[in-house]
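Structure record follows, encoded as structure tokens.
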Amino acid sequence: MIEFLKESTFGVNDVVTTAWRVLKRQYFKILGLCLLMFVIFNLSGILAMYIGGFNIGLSILMMLIFIAAYFGFQLTLFKFVLRVLDKPDEDVYVKDSFPTTRQILRFLLATFYFVLCILVVYGLIILVILPFAYVRIPMDILTQVATSLGVLGIIFTWIRISFFPFFIIDRNCSPFKSIRLSMAITRGNFTKLLMLLMLLAICQALYLKIYSEQDLISAAMINLVNSLLIIPLSSVAIAVAYRQMMNEYHGEEDPGLMGNII
């Protein structure tokens, strides 16, 4: 299975075209899920600040509830898009796309592994750079190099393992196996995925640039477009890319433990 997934590929243009077609057909359902995630994210921060002054334990409990709710709706969105792709001629309902409690727990555990992988990669980069601190290299240059390499390492790791949620909701894989399969399916597709993410990130980068220049009206307009179009399209595009890479697979072979991952 791993070797097969490494050979799978997709076209960036085809992904964006398909994602746009799916978004037009299911716009209000997809937008509704995105808005729910937006409300949960912002409401959690407000309540955490308000409740934290009275009871730390209650604040932590509410934070855990909001985390589970936020990721639950994120998995629902991904599962809904996959169902739309798999059943183009049928009516697909959001209520039939909710993940199970087991899938949510697996996702949370896989997310922990996800963060741990990023920290390990960043730590390894620091260890490689650290010996250069004892030679005559200006500290500011060394810091810039370490930061740049760290950012590149994080981006590379994030792209390689970011498809793990789909294996959990689509194939009911365990957390560790879902990360292994994500690394397998993205090998050979890294450049295309990077191009896809850069294309979808242009509007967000434009918003941050304009906002930093205090052009609040223009920033608000771009943020509106970002919230109503770019974020929903990004979520759909990632799901489409996953489905296109997986459509060529027809077996059920177990990927094994550590072989052929990287």
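Keep in mind that the numbers below use all heavy atoms, side chains included, and drop hydrogens, waters and symmetry copies.
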I'd like to know if [Y] and [X] are part of one continuous hydrophobic network [Ile/Leu/Val/Met/Phe/Trp/Tyr, side-chain heavy atoms within less than 4.5 Å].
X    : Y    : result
L85  : F28  : yes
L152 : W158 : no
L75  : I65  : yes
V151 : V128 : no
L119 : I155 : yes

Measuring from atom [atom1] of [X] to atom [atom2] of [Y], what distance do you get when rounded to the nearest 0.5 angstrom?
X    : Y    : atom1 : atom2 : value
D96  : T76  : CG    : OG1   : 11.0 Å
S182 : M245 : OG    : CE    : 8.0 Å
I179 : L116 : CD1   : CG    : 9.0 Å
Y113 : I118 : OH    : CD1   : 15.5 Å

Side chain to side chain contact (heavy atoms under 4.5 Å, CB included) with [X]: which residues, sequence neighbours excluded?
X    : result
K87  : R83, E90, V92
L149 : I125, I129, V145
L31  : Y27, L35, L228, P232
A19  : L233, V236, A237, V240

Beyond-backbone contact of [X] with [Y], side-chain heavy atoms, under 4.5 angstrom:
X    : Y    : answer
V81  : R243 : no
L33  : F78  : no
F167 : M246 : yes
T18  : Q244 : yes
F166 : I185 : no

Give the table of side-chain donor-acceptor pairs shorter than 3.5 Å for residues 102-112, with sequence neighbours excluded, one pair per line with atom names and distance.
unit_1: Q103; atom_1: OE1; unit_2: T100; atom_2: N; d: 3.1
unit_1: Q103; atom_1: NE2; unit_2: I168; atom_2: O; d: 3.4
unit_1: Q103; atom_1: NE2; unit_2: N172; atom_2: OD1; d: 2.7
unit_1: R106; atom_1: NH1; unit_2: N172; atom_2: O; d: 2.6
unit_1: R106; atom_1: NH1; unit_2: C173; atom_2: O; d: 3.3
unit_1: T111; atom_1: OG1; unit_2: F107; atom_2: O; d: 2.7

Next item on the list: Using atom types as modelled and distance alone, determine if a side-chain donor or acceptor of T157 lies under 3.5 Å from a backbone N or O of I154.
Entry: no
Checklist line | Minimal non-hydrogen separation, C34 against L77, with atom names | finding: SG-CD2, 4.0 Å
Check: Which pair of non-hydrogen atoms, one from I159 and one from S162, has the smallest distance, and what is that distance?
Finding: O-OG, 3.2 Å
Item checked: Intermediate values then yes/no, side-chain contact (heavy atoms from CB on, under 4.5 Å), W20 and L229 -> CA-CA 10 Å; W20 178 251; L229 182 61; 3.3 Å; yes
Next item on the list: Could you tell me which residues satisfy ring-ring contact (aromatic ring centres under 6.0 Å, His included) with F38, sequence neighbours excluded, listed by chain and number?
Entry: none
Next item on the list: Please assess F98 against F73 for the test side-chain contact (heavy atoms from CB on, under 4.5 Å), listing each intermediate value before the final yes or no.
Entry: CA-CA 8 Å; F98 290 116; F73 281 115; 4.3 Å; yes
Next item on the list: Kindly determine whether I30 and S235 satisfy side-chain contact (heavy atoms from CB on, under 4.5 Å), including the steps that lead there.
Entry: CA-CA 9 Å; I30 293 172; S235 301; 5.7 Å; no
Check: Mind checking whether F163 and Y242 have parallel, tilted or perpendicular rings, split at 30° and 60°?
Finding: parallel
